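All of these numbers come straight from a predicted model, not from anything done at the bench. Side-chain atoms are counted along with the backbone in the values below, which use heavy atoms only and exclude waters and symmetry mates. In each ligand, atom 1 is the first atom listed, and ligand 1 is the first ligand listed.
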Amino acid sequence: MTAQFILLSLLYLWDVSMSQVCNPELLENEEFFGRELKSVFSPDVNHCQQLCTQHPSCSFFTFIQPDSMNVDRHFHCYLKSGSRTQSTLTGVTSGFSLKNCHLDPQPCLSRVYHGVDFFGGDYKTLFTSDYEGCQRVCTNDPHCQFFTFFNGSFESVNYRYKCHLKFSWTVPRSPWIKTVADLVSGFSLKIINLQPDTKCQMKFFKNSEILGNHTENLLAASPDHCQALCTAHPLCTYFVYTSDDFMCYLKNNPDEIVLKARDGFTSGIPGRTCQPDNNWTKTTITGVDFWGSDLSNLMADGAEACQRACTEDPLCQFFTYVTDRFAWRTIRRMCYLKRIITLPAPKKVSKLANAVSGFSLRKCVSGTAFTPTELDETLSESEVVLL
Ligand SMILES: *[C@@H]1O[C@H](CO)[C@@H](O)[C@H](O)[C@H]1NC(C)=O
């Protein structure tokens with residue numbers, strides 16, 4: 001019993017010290033066991049490793065290769081933490097979070113996957129003569145995160161050469177927002193690399209609701225944050241934000257906009273023609289907790305210092321600061337740095353004959369910032385073949 005306890009303690013200590021170093025090593029045919037945080041889909045082990053790196057508390061992972069005997073678990077990426085044990089299993093690859101490796105937080109995902117379908121997230125389809133054309137259209141469209149293309153041998157004849165443009169959320173947002181006195185929350189000042197602000201008037205309708213069903217609802221810290229989410233989503237034509245429960249409703253109706261006076265509601269239209277300013281990241285919100293998603297914590301002298309700490313940490317996207325008036329003394333002045341996964345990631349990955357999938361190459365333009373006009377020129381009309 002005692003020996004077992006000592007062994008567990010040693011394993012724990014080893015695990016803690018391991019988490020401080022950068023270990024990019026991948027272990028083929030090894031399965032890691034620990035506390036499972038999340039099971040997600042991923043097209044390859046490197047993407048899975050990036051998912052682990054971006055998950056706030058993931059320290060290691062196991063990826064089930066598409067050639068594994070375990071057919072039901074192909075492309076599964078298991079994010080784990082805690083004390084780690086391992087054993088041999090053919091067709092799986094394991095590795096560690098790269099949190100301590102100081103990598104680009106928005107990595108270039110340049111691999112294409114033949115015979116693979118990225119399921120879900122569709123917002124637009126068109127026809128292109130090859131997958132390279134489909135990938136160029138995706139790269140050229142700021143809403144597109146990844147694509148799936150059906151080539152000329154695809155089984156359903158009518159869907160051959162079809163290019164599916166797909167979306168997943170890359171705007172940071174807290175999965176839990178609660179009203180809590182004496183807490184202050186906010187965002188890193190560097191969370192998204194938008195192009196330099198083109199000054200434009202953002203349209204808000206105060207104390208108004210835009211009628212109609214929503215296509216998606218999610219939490220947002222402010223009307224400005226909700227607007228940034230609407231702008232990021234290709235199918236959002238306008239939004240409604242309710243400040244008492246922090247709910248952001250994205251709506252899709254390109255035909256009409258029906259406004260109705262309603263207290264506590266803010267509605268608006270997205271900033272499509274110009275980059276939205278990032279003011280929503282600058283203002284801190286008093287009396288609000290961005291609960292969970294903790295990456296690390298430190299003591300800080302005020303909410304501004306906490307925001308600075310978040311901005312300086314390349315992994316931090318948002319934070320919650322505990323003021324010295326907070327009821328629970330022991331955590332006063334504590335600054336909690338937080339993040340969620342914002343890596344482009346399909347809802348599901350599976351095998352599909354004669355399908356080719358891949359990611360937008362926007363993050364792959366090294367050096368100078370990407371400008372849409374540059375890429376417009378590489379996309380010639382002749383590449384779009386209508387059948
Ligand atoms: C479609 O993809 C498959 C697998 O990648 C390939 O063998 C086949 O030649 C492709 N067909 C066409 C028409 O490009």
Problem - Verify atom 2 (O) of ligand 1: protein non-hydrogen atom under 4.0 angstrom away - result: yes

Practice task
Not counting sequence neighbours, list each pair that qualifies as a salt bridge (Lys or Arg N to Asp or Glu O under 4.0 Å) and has a residue in residues 293-305.
Solution key: Asp294-Lys338, Asp301-Arg333

Practice task
Is it possible for you to check whether Lys282 lies under 6.0 Å from the centre of the six-membered ring of Trp280, through NZ or CZ, and within 45° of that ring's axis?
Solution key: no

Practice task
Test the Arg84-Phe32 pair against the cation-pi criterion, namely NZ or CZ under 6.0 angstrom from the six-membered ring centroid and within 45° of the ring axis.
Solution key: yes

Identify the closest protein heavy atom to [atom]: which residue and atom is it, and at what distance?
atom: atom 14 (O) of ligand 1; answer: Asn151 ND2, 3.5 Å
atom: atom 5 (O) of ligand 1; answer: His114 ND1, 3.8 Å
atom: atom 4 (C) of ligand 1; answer: Asn354 OD1, 4.0 Å
atom: atom 11 (N) of ligand 1; answer: Ser153 OG, 2.7 Å

Exercise for the section: Would you check, one step at a time, whether the test side chain to side chain contact (heavy atoms under 4.5 Å, CB included) holds for Tyr249 with Ile210? Expected result: CA-CA 10 Å; Tyr249 298 92; Ile210 300 176; over 6 Å; no

Handout entry: SG-SG distance Cys77 to Cys52 under 2.5 Å
Key = no

